[in-house]
Trainee: 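Below you'll find the structure I mean.
Counting starts at 1 for both ligands and their atoms, in listed order. Both backbone and side-chain heavy atoms feed into the values below; hydrogens, waters and symmetry mates do not.
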Amino acid sequence: MEEGEVSGAENGGNERKVVKNRKRKSNRGQNSDSDSEKGRHQLKRRKKCEIPELSNLRDRERVEQILTSMRNAGPNTLQVISDFDMTLTRFSFNGKRCPTSYNILEHSKLISEDCKAKLKNLLDTYYPIEIDSTRSVEEKLPLMVEWWTKAHELLVQQKIIKDDLALAVRESEAMLREGYQQFFDHLHQLSVPLLIFSAGVGDVLEEVIRQAGVFHPNVKVFSNYMDFDESGVLRAFKGELIHIYNKREGALLNTEHFKELQSRCNVLLLGDSLGDLNMADGVMDLENILKIGYLNDKVDERRESYLNSYDIVLEKDETMDVPNAILRYITGQ
Ligand SMILES: Nc1ccn([C@@H]2O[C@H](COP(=O)(O)O)[C@@H](O)[C@H]2O)c(=O)n1
């Protein structure tokens with residue numbers, strides 16, 4: 001390892017800073033550094049990927065190669081594709097589960113007690129199936145469609161008023177992951193598109209992002225949207241149902257949108273389920289893709305399949321520290 005260079009998880013962020021500062025100080029006021037020497041030094045540093053936050057990688061070399069390619073190509077070639085619930089939002093806080101966009105409605109005053117009980121019953125029935133690593137996708141898919149369809153039917157019966165959604169979100173316990181501000185702001189500052197593919201409720205999740213003050217113009221959401229009548233009362237859900245296993249179809253249907261992003265051939269993908277892995281399928285001329293998976297629940301049972309599918313697996317990590325560190329590295333900031 002080159003002097004002054006730190007890599008891998010064995011080094012804490014502070015040590016890294018100290019080493020970097022030391023290096024900068026020793027160079028100060030010296031004119032002997034030739035440009036070519038500097039260039040060589042920079043190149044060496046660029047070849048080695050210095051992200052102390054990186055751990056739990058099955059193939060570190062591959063990850064480093066992807067990151068180096070992405071960094072060399074620059075932020076203008078990058079797009080970020082992310083899931084929402086339990087990926088951009090926290091899974092738990094102080095030992096308590098945080099709500100998904102559906103749960104925000106379910107726990108709100110917009111829903112009758114009777115409906116709450118029915119939705120809770122659906123959650124208790126179908127969520128264990130969603131995260132059951134012993135069942136195949138083929139087995140789970142129809143059951144997921146059943147869950148989403150039943151939940152939508154119940155929600156529509158509640159005659160939810162559009163203007164009440166903001167209060168429901170404000171009064172909820174939904175939280176974006178720690179470090180979200182830096183994540184959203186960084187992408188905004190560099191005009192990197194952030195595409196959110198969610199099987200949640202679009203109107204609700206947009207409100208979560210809006211209230212957090214990070215719904216910047218570079219953020220685009222593809223999700224299940226509510227259809228309100230002229231008096232603002234929920235009457236249906238718009239378009240095709242999006243559930244956890246058809247995000248690929250959603251991505252392919254949105255190729256028109258991806259076309260606008262044609263020059264963005266590098267993708268950073270964030271997800272929390274194996275269904276999220278296909279979210280970038282509509283991207284044309286894809287050159288590099290780095291997949292980061294949050295493994296929130298049933299960690300031991302699902303570790304193997306996540307490590308086999310995601311490049312980086314984040315176990316019970318409630319922060320955006322790794323995506324932020326990767327973005328800083330790729331964008332050279
Ligand atoms: N009635 C429902 C249906 C689904 N969920 C959860 O929402 C998540 C989907 O959102 P993503 O942003 O992650 O695509 C999904 O994982 C389900 O667990 C729910 O809470 N209630």
Trainee: Hey, are Glu315 and Arg302 close enough for a salt bridge, meaning a charged N less than 4.0 Å from a carboxylate O?
Mentor: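 Arg302 and Glu315: not salt-bridged.
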
Trainee: Look at the rings of Tyr102 and Trp148 and say which category their plane angle falls in: under 30° parallel, 30 to 60° tilted, over 60° perpendicular.
Mentor: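 Ring orientation of Tyr102 relative to Trp148: perpendicular.
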
Trainee: Is there a salt bridge (charged side-chain N to carboxylate O under 4.0 Å, His left out) between Glu260 and Lys220? Walk through the geometry before answering.
Mentor: CA-CA 12 Å; Glu260 283 173 39; Lys220 297 278 172 291; over 6 Å; no

Trainee: Check the side chains of Glu171 and Ser108 for a donor-acceptor pair under 3.5 angstrom, ignoring hydrogens and angles.
Mentor: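 No donor-acceptor contact under 3.5 Å links the two side chains.
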
Trainee: For atom 9 (C) of ligand 1, which candidate among Ser82, Gly275, Ala199 holds the nearest heavy atom?
Mentor: Ala199

Trainee: Do Leu277 and Tyr306 share a hydrophobic cluster (ILVMFWY, side-chain heavy atoms under 4.5 Å, transitive)?
Mentor: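 Leu277 and Tyr306: one cluster.
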
Trainee: Assess the side chains of Asn218 and Ser191: does a donor N or O sit below 3.5 Å from an acceptor N or O?
Mentor: no

Trainee: Just to confirm my output: which protein heavy-atom neighbour is closest to atom 13 (O) of ligand 1, and how far is it?
Mentor: Asp83 OD1, 2.8 Å

Trainee: Compute the shortest N/O to N/O distance between Asp276 and ligand 1 and return yes if it is under 3.5 Å, no if not.
Mentor: no

Trainee: Could you find the nearest protein heavy atom to atom 21 (N) of ligand 1 and give me its residue, atom name and distance?
Mentor: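 Result for atom 21 (N) of ligand 1: Tyr102 CB, 3.3 Å.
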
Trainee: Between ligand 1 and Glu130, can you find any atom pair, the residue atom being a heavy atom, that is separated by under 4.0 Å?
Mentor: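 It does, in that a heavy atom of Glu130 comes within the 4.0 Å cut-off of ligand 1.
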
Trainee: What part of Thr100, side chain from CB on, backbone N/CA/C/O, both or neither, has a heavy atom under 4.0 Å from ligand 1?
Mentor: side chain

Trainee: Give the ring-plane orientation class for Phe222 versus His257, where under 30° counts as parallel, over 60° as perpendicular and anything between as tilted.
Mentor: perpendicular

Trainee: Under 3.5 Å, side chain of Arg177 to main-chain N/O of Asp317, donor-acceptor pair present?
Mentor: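 Yes.
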
Trainee: Side chain or backbone, does Trp147 bring an N or O within less than 3.5 Å of an N or O on ligand 1?
Mentor: yes

Trainee: Does Lys247 come within less than 4.0 angstrom of ligand 1, counting non-hydrogen atoms of the residue?
Mentor: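 The answer is yes: ligand 1 sits under 4.0 Å from a heavy atom of Lys247.
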
Trainee: Quick check on Leu122 - does any of its heavy atoms sit under 4.0 Å from an atom of ligand 1?
Mentor: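 No.
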
Trainee: Any side-chain to backbone donor/acceptor pair from Ser231 onto Val233? Under 3.5 Å, distance only.
Mentor: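 Checking the backbone N and O of Val233 against the side chain of Ser231, no donor-acceptor pair under 3.5 Å is found.
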
Trainee: Suppose I only count heavy atoms of Ala151 and a 4.0 Å limit; which atoms of ligand 1 are within that range?
Mentor: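 Going through ligand 1 atom by atom, the ones under 4.0 Å from Ala151 are 1 (N).
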
Trainee: Does Asp85 reach ligand 1 with a nitrogen or oxygen that is under 3.5 Å from one of the ligand's nitrogen or oxygen atoms?
Mentor: yes

Trainee: Number the atoms of ligand 1 from 1 as they appear, then name those within less than 4.0 Å of a heavy atom of Phe84, with their elements.
Mentor: 12 (O)

Trainee: Using a plain distance cutoff, I'd like to know if Ser198 has any nitrogen or oxygen under 3.5 Å from a nitrogen or oxygen of ligand 1.
Mentor: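 By distance alone, the answer is yes.
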
Trainee: Backbone, side chain, both or neither: what part of Trp148 comes under 4.0 angstrom of ligand 1, heavy atoms only?
Mentor: side chain

